[in-house]
Structure formats: C-alpha cells, structure tokens
J.: 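Attaching a single structure in structure tokens format; questions to follow.
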There are 2 protein chains.
Amino acid sequence: MSLRHALLALLTVEPMTGYDLSKAFQASVSHVWHAPDSQIYPELRRMEADGLLVGTEVPWGPRGKKREYHVTEAGLDAFRAWMNEPLSYTRERDPAHLKAAYLEWAEPDAARAQLRAHIANFDEQRVEWLEKVREIDTGTSAMLEKRLGHAPASEHASIRAYKRYTYVGLIARAEHEIEWAERGLVLIDELNGTDAAPPAD
Amino acid sequence: MSLRHALLALLTVEPMTGYDLSKAFQASVSHVWHAPDSQIYPELRRMEADGLLVGTEVPWGPRGKKREYHVTEAGLDAFRAWMNEPLSYTRERDPAHLKAAYLEWAEPDAARAQLRAHIANFDEQRVEWLEKVREIDTGTSAMLEKRLGHAPASEHASIRAYKRYTYVGLIARAEHEIEWAERGLVLIDELNGTDAAPPAD
DNA sequence: GCTAACTATCTATGGGGATAGGTAGCTGAC
DNA sequence: GTCAGCTACCTATCCCCATAGATAGTTAGC
C-alpha cells in the first residue's frame, strides 16, 4: 500500500506522467522506495479510478501523446491521512542476518565474500545518500527546489530539515551495517586462525 | 526463496513437524525470519517433492498422527549451496524513512506518535534480542544447545559465535533506529517551537 | 532517409506472503 | 463428561512485486 503513497508524495511537487514517475523512482527517491514501471502504470490508473488523481492527455510530438497525472483534493487528503496514521511494523525478514546466524555452514571464503558484498552494497548506498544530503544542503536537488517553490516560505525549513533527517538516518544505518560486516570479517579470521591479511581487494 | 532455507536451517537441528516449525518461527528465529503456518505446510510438501526433506508419519495419541520432516543429504547440499552463494541485494523499500521524508505533511503530534511507535517497536525487539544473547551466553537456548549436541566440539565456538554475532548486530541496529527516532522527536520540537517537555509517556 | 536511443505505455506470468478461514484430534481441568 | 485450549494440518483468496516482453511514437545524428 505504500507505492500509492510514494506516488502521491512525488505528485505533490508537480504533475507527472507514469514515465516521469518511473524515472523519479530510479533517480531521486530510489533509495527510500523503488518500483518498476509495470507497477506504476496500473497503480496510476487505479488511483485515478479512486479519485486521487486526474489524468489528462498531453500531446507529445505530431502523433504521440502522454498522460499526465495531477493530485486531486481527495488525493491530498489521502496522503495527509496516511501521513497522520501510524505505520504497522511487520516482523523482520532479513536474509543477511539469517545467513549470518548460520555462517558456520559456509566456506570461510564464501562467508568473507558475503560480508564484503554487504559492505559494498551499503557503501554504495552510503555514497549516494551522502550526495543526496549534499544536494539538499546546496540547493541543487531539482525535486526539492521545485517542491520549495510551491510551498510557503514558512515551511521551507521543515521541508528541508525532514529530507535531511531522513537521509542522514539512512547514512548512519548504512555505516552501522558496514561496521557490523567488518566485525564479521574479523570474527571469521579469528575463528579460522587466519592471522595473515587475506583480502586482495 | 529464503523461507525454504530458513526451514532447512531449523531442520538441521532435529526433525520437526510443520507445527513445531511454525512455533520455532514464532519463538526462536522469529526476529530474523517469520512465516505463518499457511506458508510453512505447503512449502514443506514442496521441499519433500524436491527431495530436500523426507516426511514420516508419527502417531500422536490413539488416532491422531503428525508428519515429521527430516533433512536429506540433498537438503544439506542445498542449504550449504545457499550459504555459499552470495545474496542479491534488492533496492530499499522502507516505509518508515519514506514517511520521515515527508513529515511536514503530518500533524506534529501524529509525527511524534510515529517516531514513538518506531522507538517502541525497536525497543521491544532490542529487549528480545538482548535476552537471546543472554541465552546464548548462558547456554540456556534450547535450540542452540541441541544444535551443539549434534555438532563436533571443534565447531562449537564458531556456531555460538555466529549466533551471537547476528543478534549483537541486530541489537546495534535497533539502537541505531531508536537514536534516529529520538533525534526526530527533538527535530519536531525545534521546528514547532515546542520547548516545553510534551511527552506524558 | 535511416538507425539508434530514448520516451511512453501496457500485458502476462508467477512467486511470496498476508489474512482468513476450515477440520480434526488431543489434553487437562472443572 | 464436557468444554476450553492446544496441537496438527490444510485451503482459498488477494495483493504486491519481480521479471519479461510487446508495442509504438519521438528525437537526433549520420
């Protein structure tokens, strides 16, 4: 049910087509949410049917056309309602930690490779999020600046602060995951008596 | 595809019925993985069809019976193969951070309630995981001690260490989430000029 | 004028999981 | 002896999502 609200969040900035939204998911919001276009297009149709959006045909070149969606009052209400309503926390489902609990079953090198992949994954995310924070701070985030353009000046500080707060939190989490995996690498060496420095990379 | 491997992980300790496994998910492993019985029973059937498990009918009372599954060699191979194979990291999908990025849309009190719920959720998990680590350290975890009973003494240190490593990592992550939410509560107060201490709980 | 790369949208299939039931036997307390 | 609560297993439906692929128009460069 969050895809719908992620779409609403993006559409509160400006009207967009399904294609725009799918690009926005890949680029701007991608590291808080993500969805393929095959999910986005039907969901937009459903949201229009539910009255949250209105879609208008926009010509595109001589014969082409595209469908641009903008949020209705009902859509804004739904988004606000979702924002005010508590989240339901479902139980954990975490393959990385599941595997970690049984690492004695893996070859030491395979175990090391997994933890290095864990580090690489979160390091990559960390770099992207750091860049995001930099964009927020320097006013070079296209979506954010557009959003600020439509919002009263009195809200600018909050809007910017919450975006920053989110990404800073994600960076800290990524750093925690990296530290955890690094401790794991040390542990594997200890348990396997490999005192020599093994990593080539 | 991880449910299958979570089930294999549990069944490497000792043969169990679907019911046992569903209880084990609720109790022991529940905070690394979780599944309802309606998922477990059919998956066990499929795993048996795939040759990973063998199920035997065990009488239960005068007329009742239950089906106990034990892992085959093929099952052990499959589990080892999964353990040696790298995880694929799919893109983030994180409702809590998604909402955090748009907190300006929520009423300040609703925003506070969300972050408090975030804290409560991770605090609860933290307490359970701390208890788990205590059980690992004091040798009072039934599953772990059974597992150690079937494993050569030379592996005991690794087995215990990896379990501990997993839960300690989860505790640290929970603490990070709590800290993040607490910073959020401060931020909300700052942005809303509420200097007085508001929380009744 | 053709081709490659991009914009735009949609369908189909299948897996995993949540939720909500249903059936039946067993055990122990009152 | 019967009722509550537990053990045991199963089915059905729906939703979300991943993956793959189909179609068609546009733009720009060569």
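Keep in mind it's a predicted model, so treat the numbers as computed, not measured. Chain identifiers are assigned alphabetically (A, B, ...) following the order of the sequence lines, protein sequences preceding nucleic acid strands; residue numbering begins at 1 within each chain.
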J.: If we ignore hydrogens and angles and just use 3.5 Å, is the side chain of B:Asn121 paired with the main-chain N or O of B:Ala117 as donor and acceptor?
T.: no
J.: Could you give the CZ-to-P distance, from B:Arg4 to C:dG15, as a whole number of Å?
T.: 11 Å
J.: For each nucleotide in nucleotides 2-9 of chain C, reading 5' to 3', give B when a protein heavy atom comes within less than 4.0 Å of its base, S when such contact involves only the sugar-phosphate, and - otherwise.
T.: -----BBB
J.: For A:Glu131, check side chain to side chain contact (heavy atoms under 4.5 Å, CB included) against everything at least two apart and list the hits.
T.: A:Arg134, A:Glu135
J.: Base, sugar-phosphate alone, or nothing: which one does A:Ser38 contact when heavy atoms must sit under 4.0 Å apart?
T.: base
J.: For A:Val13, what residues pass the side chain to side chain contact (heavy atoms under 4.5 Å, CB included) criterion, not counting sequence neighbours?
T.: A:Met143, A:Lys146, A:Arg147
J.: Rounding to an integer number of Å, can you tell me how far A:Asp94 CG sits from C:dG17 P?
T.: 13 Å
J.: Could you tell me the separation between the CZ atom of B:Phe25 and the P atom of D:dC9, rounded to a whole number of Å?
T.: 15 Å
J.: Establish, with yes or no, whether the OP1 or OP2 oxygen of C:dA18 is under 4.0 angstrom from a side-chain nitrogen or oxygen of B:His34.
T.: yes
J.: Test of understanding: with salt bridge (charged side-chain N to carboxylate O under 4.0 Å, His left out), list the residues that count as partners of A:Arg164, not counting sequence neighbours.
T.: A:Asp137
J.: List the residues meeting side chain to side chain contact (heavy atoms under 4.5 Å, CB included) with A:Pro42, not counting sequence neighbours, and say none if there are none.
T.: A:Arg46
J.: For D:dA18, does OP1 or OP2 lie under 4.0 Å from any side-chain N or O of A:Gln39?
T.: yes
J.: Given the side-chain rings of A:Trp180 and A:His118, with only the six-membered ring counted for Trp, is the space between their centroids under 6.0 Å?
T.: yes
J.: Nearest whole Å is fine: how far is D:dA8 P from B:Met16 CE?
T.: 12 Å
J.: Rounded to whole Å, please give me the gap between CD in A:Glu43 and P in D:dC15.
T.: 11 Å
J.: In whole angstrom, give the distance that lies between atom CG of B:Leu21 and atom C1' of D:dC10.
T.: 16 Å
J.: Measure the distance from NE2 on B:His5 to P on C:dG15 and round it to the nearest whole Å.
T.: 15 Å
J.: Quick check: on DNA chain D, is the nucleotide nearest A:Gly64 upstream (toward 5') of the one nearest A:Arg46, or the reverse? Name the residue that is more 5'.
T.: A:Arg46
J.: Could you tell me which residues satisfy salt bridge (charged side-chain N to carboxylate O under 4.0 Å, His left out) with B:Glu179, sequence neighbours excluded, listed by chain and number?
T.: none
J.: Roughly, in whole Å, what's the span from CG in A:Leu98 to C1' in C:dG16?
T.: 15 Å
